[in-house]
Trainee: 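Once you've had a glance at the structure underneath, I'll fire off some questions.
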Amino acid sequence: MNRLPVLLALLAVVVHLGCETSPTEIDSNTAIFKKPPKPDGGGGDGGPANPEIAFRSNGARHVMNADGSHSSLVVPESQFAGSSAWSPLGDGSTVPYQIVFELGGGPLATIDITTPAEGGVVATAPSPIAATSQFVIASYPSWSPDGSQIAFQATLGETCPNGEGQGESDIWTWNVDGSEPPTRWTFNCDNYVFATDPSWSADGSALAFKEEGGGTTMIKVLHLADGYIETVFDAANPGDDIS
């Protein structure tokens, strides 16, 4: 018996079936872009089971699931919760989720969020970080990958040596365990320079931040081991590029 026609017929069926499979039919449970699930929390109809997004609306702070479901109010508008950052630690049950944020245009503060098994969201009252009360304003906090430090921008309110008013915003870090006072890494006083928006490297060894002033905007990297700061992008120089 000649098997060639049979094999060709089977091959045609396989090709036909393969062509009918849509490239958009992806198993979302195994797709590589899917984040590993967090431990089951509460949620239900009263709030997110695994809050992953914090956002501000008219000064109030809300949290919700990454898919946009179950938004819950955790800081009322009357307390004006500004820029914020999640702690990398916490599972919502045995260890609370924690957010650090700018409180009312003044110090930084934290809140703990738990998601009880019976549903809903329980948030503590904001707890100001006393070490940041010395600043005229502390904002744009960024939590280190290991949860041990918070970087932020702040204005100390000191008088500049040239007598032209108060110092502008600088980059600071603070140990969450309170073992040391905040550490100042930049010293922008002259020329009205602002250091803003600190962001941690994945290994926690460096901070990227934006510096504005004198008609320029630069991206700089602060190496925490030795305090060395390098400029990696200068928007005033058209020859620079970032890819």
Side-chain angles (χ1 to χ4, degrees), residues 28-29 32-57 60-76 79-104 106-133 138-154 172-183 197-207 224:
S28 63
N29 292 317
I32 58 174
F33 56 78
K34 186 176 178 65
K35 294 177 63 177
K38 292 184 177 181
D40 290 336
D45 293 332
N50 299 310
E52 294 182 297
I53 296 175
F55 64 96
R56 184 179 69 186
S57 177
R61 178 64 55 183
H62 303 257
V63 298
M64 66 182 180
N65 290 329
D67 62 3
S69 64
H70 296 310
S71 172
S72 294
L73 174 70
V74 292
V75 180
Q79 294 182 302
F80 187 77
S83 49
S84 64
W86 286 101
S87 165
L89 310 176
D91 57 24
S93 53
T94 57
V95 179
Y97 300 109
Q98 195 171 44
I99 296 177
V100 60
F101 61 96
E102 170 194 347
L103 180 62
L108 298 178
T110 59
I111 55 172
D112 292 347
I113 299 173
T114 54
T115 52
E118 62 271 19
V121 167
V122 177
T124 63
S127 176
I129 298 175
T132 63
S133 62
S139 58
Y140 291 95
S142 178
W143 222 304
S144 65
D146 64 0
S148 66
Q149 295 185 81
I150 294 172
F152 57 97
Q153 70 179 64
W172 298 70
T173 57
W174 176 69
N175 292 343
V176 174
D177 64 6
S179 58
E180 296 180 9
T183 299
D197 303 319
S199 179
W200 291 87
S201 64
D203 63 1
S205 67
L207 284 167
L224 297 171

Trainee: As a quick check of understanding, evaluate side chain to side chain contact (heavy atoms under 4.5 Å, CB included) for E102 and F80, giving each step before the final call.
Mentor: CA-CA 8 Å; E102 170 194 347; F80 187 77; 4.3 Å; yes
Trainee: Look up atom OG in S144 and atom CG in D203, then write down how far apart they are to the nearest 0.5 Å.
Mentor: 11.0 Å
Trainee: Testing the basics here: between A85 and W143, what is the closest heavy-atom pair and its distance to 0.1 Å?
Mentor: O-CE3, 3.8 Å
Trainee: Could you walk me through whether Y97 and T115 satisfy the side chain to side chain contact (heavy atoms under 4.5 Å, CB included) test, starting with their C-alpha distance in whole Å, then the side-chain angles of each, then the deciding distance to 0.1 Å, before giving a yes or no?
Mentor: CA-CA 9 Å; Y97 300 109; T115 52; 4.2 Å; yes
Trainee: Checking the side chain of T132 only, and the main-chain atoms of L108 only, is there a donor and an acceptor separated by less than 3.5 Å?
Mentor: yes
Trainee: Once rounded to the nearest 0.5 Å, what's the spacing between atom OG1 of T114 and atom CD of Q98?
Mentor: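 Taking OG1 in T114 and CD in Q98, the distance rounds to 12.0 Å.
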Trainee: Give the minimum heavy-atom separation between V75 and A81, together with the two atoms involved.
Mentor: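 Looking at all heavy atoms of both residues, the shortest contact is CG1-CB, 3.9 Å.
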Trainee: Let me confirm one number: the CD-CG distance from Q149 to N175, rounded to the nearest 0.5 Å.
Mentor: 5.0 Å
Trainee: Please examine the side chains of L103 and Q79, heavy atoms only from C-beta on, and report whether any two atoms are closer than 4.5 Å.
Mentor: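 Yes, close enough: below the 4.5 Å cut-off.
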Trainee: Taking C-beta and beyond as the side chain, do L207 and L224 meet within less than 4.5 Å on heavy atoms?
Mentor: yes
Trainee: What's the shortest heavy-atom distance between G120 and P116, and which atoms?
Mentor: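 So the two residues come closest at O-CD, 3.6 Å.
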Trainee: Would you check if the side chain of Q153 reaches a backbone N or O of D197 as a donor-acceptor pair within less than 3.5 Å?
Mentor: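 Yes, Q153 side chain to D197 backbone: donor-acceptor pair under 3.5 Å.
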Trainee: What I'd like to find out is whether the side chain of S83 reaches to under 4.5 Å of the side chain of P141, using heavy atoms alone.
Mentor: yes
Trainee: Apply side chain to side chain donor-acceptor pair (under 3.5 Å) to S57 and list each qualifying residue two or more places apart in sequence or on a separate chain.
Mentor: none
Trainee: Find the distance between CH2 (W172) and CD1 (I150) and round it off to the nearest 0.5 Å.
Mentor: 15.0 Å
Trainee: Show the nearest heavy-atom pair for residues R56 and G82, with the distance to one decimal.
Mentor: NH1-CA, 3.4 Å
Trainee: Can you sort out the partners of D112 under salt bridge (Lys or Arg N to Asp or Glu O under 4.0 Å), two or more places apart, ordered by chain and number?
Mentor: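 Result, salt bridge (Lys or Arg N to Asp or Glu O under 4.0 Å) vs D112: none returned.
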Trainee: With the side chain counted from C-beta on, respond yes when S148 and V176 share a heavy-atom pair under 4.5 Å apart, and no when they do not.
Mentor: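 A side-chain contact under 4.5 Å is absent here.
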Trainee: Can you tell me how far the OG atom of S71 sits from the CG atom of N65, to the nearest 0.5 Å?
Mentor: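 Reported to 0.5 Å precision, the distance equals 10.0 Å.
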Trainee: Can you confirm whether V63 sits close enough to I99 that some side-chain heavy atom of one is under 4.5 Å from a side-chain heavy atom of the other?
Mentor: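 Yes; the side chains approach each other to less than 4.5 Å.
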Trainee: Does any non-hydrogen side-chain atom of I129 lie less than 4.5 Å from one of V100?
Mentor: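 V100 reaches I129 side chain to side chain.
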Trainee: Show the nearest heavy-atom pair for residues A202 and P145, with the distance to one decimal.
Mentor: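 Smallest heavy-atom distance, with atoms named: O-CG, 3.5 Å.
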Trainee: Could you report the tightest heavy-atom contact between F152 and A154, atom names first, then the distance?
Mentor: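 In this case the closest contact between F152 and A154 is CE1-CB, 3.7 Å.
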Trainee: How many angstroms lie between CG in N50 and CG in D91, if you round to the nearest 0.5 Å?
Mentor: 9.5 Å
Trainee: Between the side chain of D177 and the main-chain N/O of S179, is any donor-acceptor distance below 3.5 Å?
Mentor: yes
Trainee: Considering only heavy atoms from C-beta outward, does the side chain of W86 approach that of E52 to under 4.5 Å?
Mentor: no
Trainee: If we only count heavy atoms from C-beta on, is the M64 to F55 side-chain gap below 4.5 Å?
Mentor: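 SC-SC contact between M64 and F55 confirmed.
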Trainee: Decide if atom CZ of F101 counts as having more than 12 heavy atoms of other residues, nucleotides or ligands within a radius under 6.0 Å.
Mentor: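 Correct, the count exceeds 12.
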